[in-house]
Amino acid sequence: MFIKKTKSLCPVCFKPLEAEVYDEDGKIWIKKDCPEHGHFNNTYWSDSKLYKRVSDFDPSINSVDNPQVSSDKGCPNNCGICSNHETSTVLGLIDVTNRCNLKCPVCFANAAVSKRLFEPSYEEIRQMLKNLRELKPVSTPAIQYAGGEPTVRKDIVDLIKLAREEGFSHTQIATNGLRLARKESLAQELADAGLNTIYLQFDGVTEEPYVYNRGKNLLPQKIDAIENCRKAGLGIVLVPTIVKGVNDQQIGDIIRFAIENIDVIHGVNFQPVSFAGRTPSNQVEKQRITIPDFINLVEKQTDGQIRLEDFYPPSAVEPVSHFIGALDGEEPSATLNCHQHCGIATYIFIDNDKIVPVTEFIDVDRFLEFLDDGAQKIDDGGFAVKKRVLLSATKELPKIIDRDKTPESLEISKILLKVFKNRSYESLAVFHKNSLLISCMHFMDPFNFDEDRVKKCVIHYAVPDGRIIPFCTMNSIYRQEIEEEFSVPIKPKKA
C-alpha cells in the first residue's frame with residue numbers, strides 16, 4: 001500500500017533520488033532506483049501498526065527566520081540550514097576533532113582512516129557556538145562536543161567554559177570514556193567548568209560487543225569512567241550502538257545496569273547502527289534494527305515490564321512546551337518537534353526493585369490532551385484565563401494520575417503543579433532524579449534516507465564555514481567534503 005513520495009539517496013553514489021514509502025507484509029519499506037546503480041528496497045520501519053500509531057504525533061513546524069543558505073538547489077543538496085527546513089536546532093553538535101584513541105569500525109569519523117586532521121581552533125569553535133546561539137527566533141539551548149574523541153583535546157575543559165560563556169544552558173560531551181577512566185580528576189574538572197552530561201559510548205555488559213564494535217574489551221574502562229563521574233556528581237547517559245547479532249540480546253541487561261547505577265546514570269539512548277559508509281547492500285537487511293525491533297527486544301528482555309504501549313515519539317511532548325510557553329506568554333525556548341519516526345522513548349521508575357513505566361500511573365494521552373486544550377484556551381485569551389486553567393489543573397491532574405500505582409518516592413501531582421504553577425524547575429529535577437529515560441534514536445543512512453525526516457531534524461552540526469547541517473545529511477553526504485576542506489594532512493611519524 002502506497003504511503004508517500006519522498007526523496008532518498010543512492011547508497012553507492014549518494015545522489016538524491018525520488019523514492020516511495022509503502023506498506024507491505026506488515027512492514028514499512030522505502031524503494032528507489034538509481035539510473036547508474038539500480039534498484040534499492042529497504043526496511044524503513046519493521047512494524048506498520050506502530051508506524052501508523054506514531055504517525056498521529058505529527059510535529060509542528062518552527063522554521064528559522066535567518067537561514068544560512070539558499071534553498072534553490074533543493075533538499076538535500078544545499079544543507080546549512082535552508083528556508084525549507086521545518087525546525088530549529090534543539091541540540092547543536094560540534095566535532096572538535098577527528099582524532100581518537102580508538103579505531104572503531106562503526107564510527108562516523110576517523111582520522112586514522114582519512115589520514116587528515118580535522119580540528120577547529122578555539123576561536124573557530126567560538127564562532128560556531130555563536131552561529132548556533134544566533135539562530136532566530138529560538139537560540140540553540142544545548143550543545144554537544146563530539147568527534148572523534150573530544151577528550152583528546154587538551155583544551156576540552158576550556159571549551160566547556162566557552163560554551164557556558166556563549167549562553168548554552170546545557171552542555172554535554174560524547175565520549176568513549178577512556179580518558180575519564182585514566183585521569184581521575186578529569187570528570188571533576190569538566191563538572192567544575194559547567195558540563196552537565198557525559199554521553200558515554202556503552203555497548204554492553206560483557207566484553208564481546210566491545211571487541212566487535214571497538215576492537216578491544218573496554219568494559220573495565222567504562223566502569224572506571226562511571227565511578228569517576230559518580231565521584232564528581234557528573235550525570236551520564238549511556239549510548240549503546242546496537243548491531244544485530246552482536247549486542248541486541250543485551251538491551252535488557254544494559255537497562256538493568258543503568259537501574260543499578262541510577263544515582264549517576266540518567267538515561268540510556270540506544271542507537272541502532274547506521275550504515276553511513278559504503279556498506280554492501282546485501283548486508284544491510286541482515287544487520288538492520290529499526291525502532292519497532294528495538295521496542296520488541298525491550299519488552300522481551302524486561303519480561304514485559306516495559307511494553308510497546310509505554311513508548312512515545314519525542315514529538316509527543318510538544319504540548320508540555322506549548323503549555324508552559326502559553327503560561328509564560330512567550331514562545332518556548334525549545335520544542336522537541338523532530339519527525340515522529342526519528343525516535344521513541346519512555347520514562348521508567350524503580351519502586352521496590354520493580355520497573356514502573358510512567359504510563360503505569362499517568363494517563364499520558366489524557367495528560368497531553370489536557371495540556372493542548374489548556375494552551376489553546378490561554379492563547380485564545382479571556383478574563384483571568386491563566387488562573388482558570390491552573391485551577392482546572394488542580395482538579396484534572398489527580399484524575400489523570402493513579403495514586404495507587406505511583407512509586408512511593410514520587411509525589412507526581414505536587415511536582416507537576418509546582419512546575420506549571422510556579423515554573424519550579426527544581427521540582428522537575430526531582431522527577432528526573434527518580435526516573436530513567438529509555439530512548440532509541442535511529443539515525444538515517446543512504447539506504448533508508450527520507451527527506452521528510454531531514455526537514456524536521458532538530459540535531460544539527462555547526463561547521464567551520466558557518467553552515468548548520470542536520471545530523472543525517474552531515475553523516476550521509478557532507479562529512480567527507482567538510483573534513484577535507486577544513487583539515488590538513490597528518491604528517492607521518494619519523495622512523
Undergrad: Regarding Lys222 and Gln201, do their side chains bring together a donor and an acceptor under 3.5 Å, going by distance alone?
TA: yes
Undergrad: Are the side chains of Leu117 and Ser487 in contact, using a 4.5 Å heavy-atom criterion?
TA: no
Undergrad: Please tell me if the side chains of Val69 and Ile81 come closer than 4.5 Å, counting only heavy atoms from C-beta onward.
TA: no
Undergrad: With rounding to the nearest 0.5 angstrom, report the CD to SG distance, Glu318 to Cys338.
TA: 8.5 Å
Undergrad: Evaluate the side chain to side chain contact (heavy atoms under 4.5 Å, CB included) criterion for residues Val21 and Thr6: first the C-alpha distance (whole Å), next the side-chain angles of each, then the deciding distance (0.1 Å), finally the verdict.
TA: CA-CA 7 Å; Val21 177; Thr6 186; 4.1 Å; yes
Undergrad: Do Ser46 and Asp293 have a side chain donor and acceptor closer than 3.5 Å?
TA: yes
Undergrad: What do the steps show when you test Glu119 against Arg99 for salt bridge (Lys or Arg N to Asp or Glu O under 4.0 Å), and what is the final call?
TA: CA-CA 8 Å; Glu119 194 158 288; Arg99 286 188 295 138; 2.8 Å; yes
Undergrad: Establish, yes or no, whether the cationic atom of Lys7 lies under 6.0 Å from the six-membered ring centre of Phe449 and within 45° of the ring axis.
TA: no
Undergrad: Should Lys161 and Glu165 count as an ion pair when the cut-off is N to O under 4.0 Å?
TA: no
Undergrad: Indicate yes or no for a side-chain donor-acceptor contact from Arg164 to the backbone of Ser169 under 3.5 Å, with no hydrogens or angles considered.
TA: yes
Undergrad: Check whether any side-chain heavy atom of Ile61 lies under 4.5 Å from a side-chain heavy atom of Lys456, and answer yes or no.
TA: yes
Undergrad: To the nearest 0.5 Å, how far apart are CD1 in Ile468 and CG in Leu135?
TA: 4.0 Å
Undergrad: Any side-chain heavy-atom pair from Met128 and Arg133 closer than 4.5 angstrom?
TA: no
Undergrad: Decide side chain to side chain donor-acceptor pair (under 3.5 Å) for Asn42 and Glu285; before the verdict, give the C-alpha distance in whole Å, the side-chain angles of both, and the deciding distance to 0.1 Å.
TA: CA-CA 7 Å; Asn42 294 99; Glu285 289 300 307; 3.1 Å; yes
Undergrad: Taking it one step at a time, do Ile173 and Ile160 satisfy side chain to side chain contact (heavy atoms under 4.5 Å, CB included)?
TA: CA-CA 9 Å; Ile173 290 178; Ile160 295 298; 4.0 Å; yes
Undergrad: To check you understand the geometry: which heavy-atom pair defines the closest contact between Asp465 and Phe486, and what is its length?
TA: CB-CZ, 3.5 Å
Undergrad: Please find the pair of heavy atoms, one from Phe14 and one from Pro11, that lie closest to each other, and give the distance.
TA: CE2-O, 3.7 Å
Undergrad: Under 6.0 Å from the NZ atom of Lys49, do we count more than 12 heavy atoms belonging to anything else shown?
TA: no
Undergrad: Do Asp158 and Arg153 sit within salt-bridge range, that is, some charged N less than 4.0 Å from a carboxylate O?
TA: no
Undergrad: Less than 6.0 angstrom separating the ring centers of Phe443 and Phe471, yes or no?
TA: yes
Undergrad: Please examine the side chains of His37 and Cys13, heavy atoms only from C-beta on, and report whether any two atoms are closer than 4.5 Å.
TA: yes
Undergrad: Can you find a heavy atom in the side chain of Asn98 that is under 4.5 Å from one in the side chain of Glu483?
TA: yes
Undergrad: Return yes if some donor-acceptor pair links the side-chain N/O of Lys455 with the main-chain N/O of Thr87 below 3.5 Å, else return no.
TA: no
Undergrad: Is the backbone N or O of Val90 less than 3.5 Å from a side-chain atom of Thr140, with the two atoms forming a donor-acceptor pair by type?
TA: no
Undergrad: Give, for atom NZ of Lys32 and atom NZ of Lys5, the distance between the pair rounded to the nearest 0.5 Å.
TA: 13.5 Å
Undergrad: Going from NZ on Lys31 to CD on Glu20, what distance comes out if it is rounded to the nearest 0.5 angstrom?
TA: 4.5 Å
Undergrad: Aromatic ring centroids of His460 and His85 under 6.0 Å?
TA: yes
Undergrad: Grab the two heavy atoms, one from Ala225 and one from Ala181, that are nearest each other, plus how far apart they are.
TA: N-CB, 3.8 Å
Undergrad: Short question: side chain of Glu149, backbone of Asn176 - any donor-acceptor pair under 3.5 Å?
TA: yes
Undergrad: Under 4.0 Å between a Lys/Arg side-chain N and an Asp/Glu carboxylate O for Asp450 and Lys4?
TA: yes
Undergrad: Ring centroids only, cut at 6.0 angstrom: are Phe294 and Phe270 within range, meaning strictly under it?
TA: yes
Undergrad: Quick check: Tyr22 with Tyr44 (ring centres under 6.0 Å apart)?
TA: no
Undergrad: Are the side chain of Asn247 and the backbone N or O of Asp203 linked by a donor-acceptor pair below 3.5 Å?
TA: yes
Undergrad: I'd like to know if the side chain of Thr175 and the backbone of Leu200 have a donor-acceptor N/O pair within less than 3.5 Å.
TA: no
Undergrad: For residues Cys229 and Ile236, report the shortest heavy-atom separation together with the two atoms involved.
TA: CB-CD1, 3.6 Å
Undergrad: Go through the steps to decide whether Tyr461 and Arg479 satisfy the test side chain to side chain donor-acceptor pair (under 3.5 Å), and finish with yes or no.
TA: CA-CA 10 Å; Tyr461 282 92; Arg479 175 175 291 283; 3.3 Å; yes
Undergrad: Do the side chain of Glu484 and the main chain of Arg116 share a donor and acceptor less than 3.5 angstrom apart?
TA: no
Undergrad: Do Thr43 side-chain atoms and Trp45 backbone N/O form a donor-acceptor pair below 3.5 Å?
TA: no
Undergrad: To the nearest 0.5 Å, tell me how far Glu309 CD sits from Ile295 CD1.
TA: 9.5 Å
Undergrad: Can you see whether Tyr312 has Arg53 sitting over its ring - NZ or CZ less than 6.0 Å from the centre and within 45° of the normal?
TA: yes
Undergrad: State, without any angle test, whether Thr335 and Ser321 hold a side-chain donor-acceptor pair at a distance under 3.5 Å.
TA: no
Undergrad: Between the side chains of Tyr145 and Asp95, does any donor sit under 3.5 Å from an acceptor?
TA: no
Undergrad: Mind checking what makes side chain to side chain contact (heavy atoms under 4.5 Å, CB included) contact with Thr206, not counting sequence neighbours?
TA: Glu208, Pro209, Gln250
Undergrad: Nearest heavy-atom pair of Gly194 and Thr171: which atoms, and what distance?
TA: O-OG1, 3.0 Å
Undergrad: Please round to the nearest 0.5 Å and tell me the distance separating atom CG of Leu93 and atom CD1 of Ile459.
TA: 7.0 Å
Undergrad: Determine whether Leu190 and Val157 make a side-chain contact, defined as any pair of heavy atoms from C-beta on separated by less than 4.5 Å.
TA: yes
Undergrad: Would Glu299 and Arg307 pass as an ion pair if we require N to O under 4.0 Å?
TA: no
Undergrad: I'd like to know if the side chain of Glu123 pairs up with that of Gln127 as donor and acceptor (distance under 3.5 Å, no hydrogens or angles considered).
TA: no
Undergrad: Mark yes or no for whether Asn77, through its side chain, and Lys73, through its backbone, hold a donor-acceptor pair below 3.5 Å.
TA: yes
Undergrad: I'd like to know if the side chain of His341 and the backbone of Tyr51 have a donor-acceptor N/O pair within less than 3.5 Å.
TA: yes
Undergrad: Between Met474 and Ile482, what is the shortest heavy-atom contact and its length?
TA: SD-CD1, 3.8 Å
Undergrad: Can you list the steps and then say if Thr359 with Asp310 is a side chain to side chain donor-acceptor pair (under 3.5 Å)?
TA: CA-CA 6 Å; Thr359 53; Asp310 300 322; 2.3 Å; yes
Undergrad: Quick one about Ser70 and Asp72 (side-chain donor to acceptor, distance below 3.5 Å, no hydrogens or angles considered), yes or no?
TA: yes
Undergrad: Any side-chain heavy atom of Pro446 sitting closer than 4.5 Å to one from Cys10?
TA: no
Undergrad: Just to verify, what does Glu166 make a side chain to side chain contact (heavy atoms under 4.5 Å, CB included) with, not counting sequence neighbours?
TA: Arg126, Leu129, Lys130, Leu162, Phe168
Undergrad: Applying side chain to side chain contact (heavy atoms under 4.5 Å, CB included) to Asp33 and Leu17, what does each step give before you reach the verdict?
TA: CA-CA 7 Å; Asp33 291 284; Leu17 302 172; over 6 Å; no
